[in-house]
Amino acid sequence: MLKSKTFVKKTRAGGVLKIVREHYLRDDIWCGSEVCKECKDEAPVLQEDACIESNLCAYPHYLIPDTNVVLHQIDILEDPIIRNVIILQTVMQEVRHRSAPIYKRIKDAIHEKEKHFYAFTNEHHRETFIEREQGESANDRNDRAIRVAAKWYTDHLAKETNGGSLKVVLLTDDRANKEKAEQHGLIVYRCEEYIKSLIGNPELVDRLALQSDERNEITGSKLLFPEHLPLSRIQSGIKNRVFLQGTFHASRDNYLEGTVYINREGEDINEVLLQGLQNLNRAVNQDVVAVELFPKERWVAPSSVVLQDDSPNDEDAEEDETEKKLKSEPLESSILKPTGRVVGIIKRNWRPYCGMLSQSIIKEATRHLFTPADRRIPRIRIETRQAANLVGQRIMVAIDGWPKNSRYPNGHFVKNLGTAGDKETETEVLLLEHDVPHQPFSQAVLSFLPKMPWSITEEDVKVRADLRHLCVCSVDPPGCTDIDDALHCRDLPNGNLEVGVHIADVSHFIRPGNALDQEAASRGTTVYLCGKRIDMVPELLSSNLCSLRSNVERLAFSCIWEMNHNAEIIKTHFTKSIINSKASLTYAEAQMRIDDTTMNDDITKSLRGLNKLAKILKGQRIEKGALTLSSPEVRFHMDSETHDPIDLQTKELKETNSMVEEFMLLANISVAQKIYDDFSECALLRKHPSPPPSNYDILIKAAKSRDFSIHTDSAKALADSLNDATIKNFPYFNTLLRILATRCMMQAVYFCSGMDSDFHHYGLASPIYTHFTSPIRRYSDIIVHRLLAVAINADSTYPDLMDKHKQSALCNNLNYRHKMAQYAQRASVAFHTQLFFKNKGIINEEGFILFVRKNAIIILIPKFGLEGTVFFENKDKPSPHLSFDSEGPTLKVEEHTFHIFDKVKVTISLDASNIQHQRIRMALTEPVIPGVSVPAPESEPEAKKPKLDR
Amino acid sequence: MAGLELLSDQGYRLDGRKASELRKVQARMSVFAQADGSAYLEQGNTKALAVVYGPHEVRGSRSKSLHDRAVINCQYSMATFSTAERKRRPHGDRKSSEMSLHLKQTFEAAVLTELYPRSQIDIYVKILQADGGNYSACVNAATLALVDAGIPMRDYVCACTAGFVEDTPLADLCHAEESGGGTSLALALLPRSGNIALLQMDARLHQDHLDTLIEAAMTACKGLSEVLDGVVRQHLEEVSVLTRD
């Protein structure tokens, strides 16, 4: 089988090294076509009748794209219409070298069975391998290799089909390559030519990436931007400290401004301000760029002007005027920031963007501007023929490039998401914008689900502790279907109490390494949006087999403590178990049982025992300095038919909430200790770093305004001083302070114990912590379950579990997913709040000032948990006299001075003037300031019937 | 950008081999007339020269001699021009002493030393070109040299390396694969009995994978033994033709 003809390939690296590698050529690499009888391929990929209707090639054909086509037109290749494509190894290697994300995408396409993409290993095929000739560049050699392979396919298929109709078509955008290929008698088309010829799929044309060909020079020869420097000069510049490298963050409010964060250590400047289009020089948010600093004379303060790029059309209008406006800002030497300009882009971080089309004024035009939903992204020019259909739709667009003579980047249309303002569309947009994987689970993933009907087997009973007789119950929010924890408590003969926390045994169903596991690992967490849940694991598991519902037998992972009546742990025991929950209660139901003295059944007794212990545990925890923080959370009451929010309610916390929480914390801490003891190198833990003192400035200042002092030396001191800060006739004051304190905190993160030394959880005041109790909705818990299972010899280990680098990479993904899930959640709440106010009309409400800014106050409405800004400067009205005192902080508007925590009254309405960025508008009604506040509406406007409003 | 892709999705390695395929092995015996036995062996681009002297009386201090069996003395060295970078390699550096020791252990297990009490057998191996699997090339070359010297052995000793990439065991690693990270396991096998003469691995590998890796290395060794056997028989034919005249 091994017919090895040894070739020697020589490459030079570093000038001196001579690397000699063997290169075996084979004659057992098959062409992968169904028609071929000669090749002994067992499962040919390419179909016999490979037909895409095209008026250029009326015969069945296979496509061979060259490297640049794959790199630039990957969106096209991924389309389900494009099938039967041969991807050459030469192309794969070049793509791998040039762009990792595209390499990943093309690999995914090859794995997709429906696509019939075949990877042909031409470099190792005896007849298609070529050696580089004298004086031939590597690129030319690769182009030739592609042509040779295409030629071989042409001949091979012609021989197999006896001159039949099956052909191969080479796609290339390189003119020289095309000419040469034609000389060899190949069928060659430019990608654009070919796609345009496809009958019945005109929408594909819109997805063509624009090539920076001379044809596309739309904006004339006027250069708008300075040239980017080549990478080699950037690198040497960075080395010589002439340039700085950093990540570009565009400003949300001002499209002519951005900041580059320098992430190198030992640099005394860590932020560079960029102002003006010329200096931004085509950097797009999140790009890694090289910047050159300006001399100190040109350093300025960041402008506080809000500028939005909304010039009406495609014209590259002169920006001089607005830029002048920027520069005429008064200068205060104390707050000057280093400024600079972008000299080159080190790495683009472009992704497809969601947004809307602004149609060109000229009716027949095919070039239009696209406005992304994210304000930090510039508008993108795209070419489409279906503009009329796309207006008012949310669409997705990818950037192809930004030539130096174009005001806007060029891009192409990727996909239509639906009508803007539609609930489904908006949800889709916010999921996409927050990078939440939300496609339905693939067949491969579903294939690893247990077969229904599922039941507990003999073997399970043998290896697990049978706890079916225990009086276990679960307590959850109403409507919860993914129940992952249940509790029990009973008296032991020796007078102590036995407390058990039973967690759904998800790791029993999700075995390491399979597609289901990988999918769950990549999703990382279940995302809860208003009225929608994006599951981490398929529903069969999340809502059925793993969910610890009442009166069914379920597998669980139990953590059982023996405690005395002072809640001191005497013994801890972990075991895999089988339980049968006796009741699924809501928090309110559980509370009712505890309070109702007439009820004395087992469940109620168990709950009372738990509740008593929980109170002691909580007391101990607070004694140690655990923080009780607060954030305004709201729940929507949804209309059961339209799923529109009809009422809004702040979340209420009952004693039972804290009871469940207390035991979950205890279980998490016990498990964290256990897995860390057994696997000191690779335990997955969660930490919450203590915030730097400067974070507390706002809080301290705010408290000082009401004559309280907040001590932030330790968590304990902070907790105590927060407890003391209460005002008798202002009960909400303490909550406001706690809301502010929450804003000062750092993010809690997952990490691998072998990669870090600081384990402390600041908020919970625990030296060690992890997540164990929600494996249905968090992947971290699944890993912790596996670790614990290995530690108690209940399950076998696998290599990746013990690899701290892989663990650490996993943690990074989980942290990212959690952050994004949180943002998505907030965005969803914001969107539903908007829907709610759209239905309500204008409302008057009471609120408190949360922050005082230079030209605005930020107000929190406790009733809705809603935050909004009241601006005192208005475009069309003369602005009132403002004086800001940063010490207070206070803001004096005309005669009235606003302090932090002041009570005010506002009207709330929905500002729908910009369909992409609808927002809640607040206007002041009390205190009355002439010219600033608005008169309160006479009576409550009638709430329109929500159903009619749709 | 990212390092080399050691195993493509299509199942081909860097040099075009499949996971379980060996490199091309070529060998010649009796390359030197002066020595008692000698052999030259190429395993892909790894080239080794082995020379055997003995059995003869123990040279140097008499105290080294053993009363019941022969002493095996191995020396391993690399040519200055054997790697990509030209480098002078003094005798007795750590790496080559370790290698010498490994070779010694391997052949003590294979040679019937008890037939030659109070005597010594010298095995000298030199790597002329290094491209991964130096140890195995040395063992294979030395086996041929011992056969050439007519020293009785229990069996051929065949050695081969195996690595582990993306959950697939790779046989007979080349230099790029060895240095590309991951595990490399060297195994010397007496193929007929299936006994392992030496097993060496210094990287971390999860226990679950060890068996599959050893299995892969053993299969590779058996493949090699067929090649070596072929070389010996061919050599024998050539020699007998010459002597008949």
Side-chain angles (χ1 to χ4, degrees), chain A residues 1-14 16-26 28-30 32 45 87 89 92-93 95-100 103-104 106-108 110-111 117-126 129 512-513 796-805, chain B residues 1-5 7-26 42-47 81-87 129-133 164 166-167 171-177 179-183 203-210 212-213 223 227:
Chain A
M1 171 162 164
L2 175 85
K3 185 164 182 178
S4 57
K5 221 163 104 187
T6 318
F7 262 77
V8 173
K9 214 180 175 181
K10 290 168 190 164
T11 39
R12 265 166 218 281
V16 208
L17 285 185
K18 178 171 173 186
I19 292 159
V20 183
R21 274 198 206 132
E22 279 182 300
H23 195 88
Y24 289 91
L25 300 184
R26 326 179 53 110
D28 62 349
I29 295 174
W30 317 129
V45 180
I87 304 289
Q89 188 194 9
M92 285 291 274
Q93 280 169 351
V95 169
R96 182 168 188 270
H97 201 65
R98 302 252 295 268
S99 163
Y103 179 68
K104 165 106 195 353
I106 194 77
K107 261 175 93 162
D108 288 347
I110 292 170
H111 285 298
F117 272 41
Y118 180 65
F120 181 63
T121 316
N122 65 318
E123 296 283 349
H124 290 290
H125 191 282
R126 193 152 68 145
F129 173 76
S796 58
T797 172
Y798 61 101
D800 285 3
L801 192 64
M802 297 295 144
D803 185 330
K804 64 176 177 181
H805 296 283
Chain B
M1 279 218 4
L4 297 162
E5 189 182 45
L7 188 68
S8 78
D9 286 344
Q10 286 70 47
Y12 296 109
R13 290 155 67 175
L14 280 177
D15 50 11
R17 286 183 289 155
K18 291 206 168 154
S20 60
E21 286 173 353
L22 301 174
R23 291 178 286 181
K24 189 176 171 94
V25 182
Q26 284 174 307
E42 286 182 11
Q43 214 169 330
N45 272 335
T46 304
K47 296 170 187 167
F81 48 81
S82 61
T83 52
E85 211 173 353
R86 211 179 154 80
K87 194 169 161 194
Q129 192 177 333
D131 187 28
F164 200 71
E166 287 169 28
D167 295 338
D172 196 9
L173 304 181
C174 70
H175 177 69
E177 287 166 337
S179 55
T183 326
R204 281 175 72 137
L205 179 79
H206 196 273
Q207 193 189 338
D208 294 359
H209 299 317
L210 186 64
T212 53
L213 194 55
V227 178

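Heavy-atom basis, side chains included; hydrogens, waters and symmetry copies ignored. Reminder, nothing fancy here: chain letters follow the sequence lines and each chain counts from 1.
- Listed here is the closest heavy atom pair of A:Thr797 and B:Asp208: O-OD2, 3.4 Å.
- With a 4.5 Å cut-off on non-hydrogen atoms, A:Ser796 does not touch chain B at all.
- In this structure, no portion of A:Tyr118 lies under 4.5 Å from any heavy atom of chain B.
- Between B:Arg17 atom CZ and A:His23 atom NE2 the span is 12.5 Å, to the nearest 0.5 Å.
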- Task: Step by step, work out the side chain to side chain contact (heavy atoms under 4.5 Å, CB included) result for B:Asn45 and A:Glu22.
- Result: CA-CA 7 Å; B:Asn45 272 335; A:Glu22 279 182 300; 3.4 Å; yes
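- Side-chain contact check for B:Asp9 and A:His111: at least one donor-acceptor pair (N or O, by modelled atom type) lies under 3.5 Å.
- Residues forming a ring-ring contact (aromatic ring centres under 6.0 Å, His included) with B:His209 (at least two apart in sequence, or on another chain): B:Phe164.
- The candidate with the highest count of non-hydrogen atom pairs below 4.5 Å against chain A, out of B:Gly44, B:Ser8, B:Cys174, is B:Gly44.
- You'll find the side chain of A:Arg26 reaches within 4.5 Å of the side chain of B:Glu21, heavy atoms only.
- Using a 4.5 Å heavy-atom cutoff, the side chains of B:His206 and A:Leu801 are not in contact.
- B:His175 is linked by a ring-ring contact (aromatic ring centres under 6.0 Å, His included) to nothing, counting only residues two or more places apart in sequence or in another chain.
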- side chain to side chain contact (heavy atoms under 4.5 Å, CB included) between B:Gln10 and A:Gln89, worked out: CA-CA 10 Å; B:Gln10 286 70 47; A:Gln89 188 194 9; over 6 Å; no
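- Using a 4.5 Å cut-off between heavy atoms, B:Leu205 makes no contact with chain A at all.
- Between B:Glu5 and A:Lys107 there is a salt bridge, since a side-chain N of the basic residue sits under 4.0 Å from a carboxylate O of the acidic one.
- Using modelled atom types, one side-chain atom of A:Tyr24 and one backbone atom of B:Lys24 make a donor-acceptor pair closer than 3.5 Å.
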